[in-house]
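Just below is one structure, and these are the notes that go with it.
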Amino acid sequence: MEPGLQQAPQLHTEIISWFTANARDLPWRRPGCSPWGVFVSEIMLQQTPVVRVLPVWEQWMKRWPEPSALAAEPSGEAVRAWGRLGYPRRALRLHAAAAAMTDRFNGSVPATREELLTLPGVGTYTAAAVASFAFGRRETVVDTNIRRVHARALSGKALPAPALNAAEMRLAVELLPDDDAASVAWNASVMELGALVCTARSPKCAVCPVRQRCAWVAAGEPAPDYVPKGQAWAGTDRQVRGALMAVLRQAREPVPRNLLLGPADLTTAAAATDNNTATSSAEADAGTDAAALAKLHALQAPAEQLERALAGLLADKLAEENDAGLQLPV
DNA sequence: TACGCGTGGTG
DNA sequence: TCACCAAGCGT
């Protein structure tokens, strides 16, 4: 990694030039976008692809053009508007961050990394990214794309380490241009290169602006020295929670617990009459989506797992319990 | 430090 | 098809 630092100036020039010609036209990058717009985009983009964020971001900014507007509404509305972006706790944290901005920062997005770090849902990456992209400050932005570009171009490895480490952070700090504007351009450019060209699975080295300088290419593109750990899904509480969330998100009135916890009653009722007509009407009466409910029941999760998953939702305040059953806060 | 956290597109 | 992967965070 050290040797590559000598060509940092060339890397800056070539990657920033590539960005100028090839960057995607994303709404949160446009000159008129507010710091709040940048902030919202950064939270939504945590572990979620750009194409899925775009439509939700547009609707979000139209409905809540500034932090105080979001803070004025119940958190459940944020969860609903979040839709299927995933990790719905991010919606709660974004709502809480808007409340904190309203209370502690005069209704504005704070401009410094230190202040940004005090907001819920804002960690090392997001604080640096917002300070850099929304406020033009010189901050070292390190995300998964940037780590991968650094690992390949400078360290000659196929993939970065499983977790961000001190050596990577030092390298990123040393690579950051001194000039404020150049540092912002560099952050955005390396990230975009990692997202569009230096991708995880099938890097497009043929169109890479720095392929001649890439340590990984020079080393003959060696394979990763570790096996990425998979994300377990089938049969997990997480899967059950996701199915529960899909039902609760669109429900406009309390959802009875027994409707969520098992199809037993419905099966009996349906069998007693004829087909699933009874099931459909029962679900319609509860204001729930039949398809979402069917997916939940199709998992055939054990009752104790359903209870545990439901408790997990309640613990995160994604739903509130009342006499009638369950619903999102309204 | 390692793990859990949603969702859907894709090679 | 089915793991892998995606602008991380909090514990």
Side-chain angles (χ1 to χ4, degrees), chain A residues 19 23-24 26-29 37-57 79 82-94 96-97 116-134 139-149 158-166 168 172 184 187-196 198-204 224 226-249 292 295-296 299 308-309 312-313 315-318:
Chain A
F19 179 80
R24 292 167 290 182
L26 303 175
W28 46 84
R29 283 181 180 161
V38 174
F39 186 91
V40 171
S41 79
E42 291 298 344
I43 300 296
M44 290 183 173
L45 287 165
Q46 291 169 1
Q47 299 283 282
T48 303
V50 166
V51 289
R52 282 171 47 207
V53 165
L54 280 168
V56 180
W57 183 90
V79 174
W82 195 255
R84 306 186 68 79
L85 286 183
Y87 291 147
R89 58 181 54 186
R90 289 184 296 161
L92 293 173
R93 290 174 181 156
L94 179 51
L116 286 159
L117 279 172
T118 69
L119 299 171
V122 176
T124 306
Y125 161 76
T126 303
V130 172
S132 177
F133 302 140
E139 296 288 349
T140 306
V141 176
V142 180
D143 79 321
T144 186
N145 291 307
I146 291 175
R147 293 183 65 217
R148 191 170 53 247
V149 173
L159 295 173
L164 178 61
N165 57 48
E168 282 180 81
V184 173
N187 285 331
S189 301
V190 179
M191 197 179 311
E192 190 77 340
L193 186 67
L196 299 184
C198 196
T199 54
R201 268 185 282 187
S202 302
K204 302 170 179 61
Y226 72 96
V227 179
K229 204 175 169 189
Q231 302 170 335
W233 179 249
T236 62
D237 287 7
R238 193 177 178 184
Q239 181 187 33
V240 178
R241 274 194 305 273
L244 285 168
M245 275 303 305
V247 175
L248 295 179
R249 252 197 312 267
K295 283 186 180 178
L296 170 64
L299 296 178
R308 191 168 61 239
L313 294 182
D316 262 355
K317 296 180 173 31
L318 293 180

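What you see below is based on every heavy atom in this structure, not just the backbone, and it leaves out hydrogens, waters and symmetry mates. Naming convention: chains lettered A, B, ... in sequence-line order (proteins, then strands); numbering from 1 in each chain.
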Heavy atom of residues 39-53 of chain A under 4.0 Å from DNA chain B: which residues? A:Gln47, A:Thr48, A:Arg52
Going 5' to 3' along DNA chain C, between which two nucleotides do contacts with chain A fall, using a heavy-atom cut-off of 4.0 Å? C:dC4 to C:dG10
With A:Arg84, the side chain to side chain contact (heavy atoms under 4.5 Å, CB included) member among A:Met245, A:Arg52, A:Arg249: A:Arg249
Pick base, sugar-phosphate or nothing for A:Leu244, based on heavy-atom distances below 4.0 Å to the nucleic acid. nothing
P atoms of B:dG11 and C:dA7, separation to the nearest Å: 14 Å
The single option from A:Phe133, A:Trp57, A:Phe39 that satisfies side chain to side chain contact (heavy atoms under 4.5 Å, CB included) with A:Trp28 is A:Trp57
Base, sugar-phosphate or nothing for A:Thr144? Non-hydrogen atoms, less than 4.0 Å. sugar-phosphate
Heavy atoms only, 4.0 Å cut-off, all strands: where does A:Gly123 land among base, sugar-phosphate and nothing? sugar-phosphate
A:Arg308: what forms a salt bridge (Lys or Arg N to Asp or Glu O under 4.0 Å) with it, not counting sequence neighbours? A:Asp237
Taking C:dC4 as the reference, what is the distance to B:dG6 when you measure between their C1' atoms (whole Å, please)? 15 Å
Taking only residues two or more places apart in sequence or in another chain, which ones pass side chain to side chain contact (heavy atoms under 4.5 Å, CB included) with A:Ala131? A:Leu116, A:Arg137, A:Glu139
A:Tyr87 OH to B:dC5 C1': how many Å, rounded? 5 Å
Quiz item: A:Arg238 side-chain donor-acceptor pair to B:dG4 base, under 3.5 Å: no
With nearest nucleotides of DNA chain B determined for A:Ala163 and A:Leu85 from heavy-atom distances, which residue corresponds to the more 5′ nucleotide? A:Ala163
Can you check whether A:Arg249 has a side-chain N or O nearer than 4.0 Å to OP1 or OP2 of B:dT7? yes
To the nearest Å, how far apart are A:Leu94 CG and B:dC5 C1'? 17 Å
Within this structure, what is the NZ-to-C1' distance between A:Lys295 and B:dT7, rounded to whole angstrom? 11 Å
CH2 of A:Trp233 versus C1' of B:dG9: gap in Å, rounded? 15 Å
Using a cut-off of 4.0 Å on non-hydrogen atoms, how would the nucleic acid contact of A:Ala129 be classed: base, sugar-phosphate, or nothing? nothing
So, does A:Ser41 use its side chain to make a donor-acceptor pair with the main chain of A:Val38 at under 3.5 Å? yes
List in chain and number order the residues that pass side chain to side chain contact (heavy atoms under 4.5 Å, CB included) with A:Leu164, two or more places apart in sequence or in another chain; answer none if no residue qualifies. A:Val142, A:Arg147, A:Glu168, A:Met169
Identify whether any heavy atom of A:Trp28 sits under 4.0 Å from a base atom; if not, whether one sits that close to sugar-phosphate; answer base, sugar-phosphate or nothing. base
Just to be sure I understand the rule, does A:Val141 reach a base, reach only the sugar-phosphate, or reach nothing, if contact means heavy atoms closer than 4.0 Å? nothing
I need the single residue from A:Asp143, A:Val50, A:Thr126 that forms a side chain to side chain contact (heavy atoms under 4.5 Å, CB included) with A:Leu45. Which is it? A:Val50
Holding to side-chain hydrogen bond (donor to acceptor under 3.5 Å, both in side chains), I want the full list of residues that pass it with A:Arg29, two or more places apart in sequence or in another chain. A:Glu192
Partners passing side-chain hydrogen bond (donor to acceptor under 3.5 Å, both in side chains) against A:Gln47 (at least two apart in sequence or in another chain): none
Sticking with atom C1', work out how far C:dG8 lies from B:dT1, rounded to a whole angstrom. 16 Å
Counting the atoms with a prime plus P, OP1 and OP2 as sugar-phosphate, which does A:Pro162 contact under 4.0 Å by heavy atoms, base, sugar-phosphate, or nothing? nothing
If I take atom CZ in residue A:Arg201 and atom P in nucleotide B:dG11, what distance separates them, rounded to the nearest angstrom? 7 Å
What contact category does A:Arg148 fall into here, base, sugar-phosphate, or nothing, at under 4.0 angstrom with non-hydrogen atoms? sugar-phosphate
Whichever of A:Ala200 and A:Gly121 has its nearest DNA chain C nucleotide further upstream toward 5': A:Ala200
In chain order, what residues pass the side-chain hydrogen bond (donor to acceptor under 3.5 Å, both in side chains) check against A:Thr236, with sequence neighbours excluded? none
Holding to side-chain hydrogen bond (donor to acceptor under 3.5 Å, both in side chains), I want the full list of residues that pass it with A:Thr48, two or more places apart in sequence or in another chain. A:Arg90
Under 4.0 angstrom, heavy atoms only, what part of the nucleic acid is A:Thr126 near: base, sugar-phosphate, or nothing? sugar-phosphate
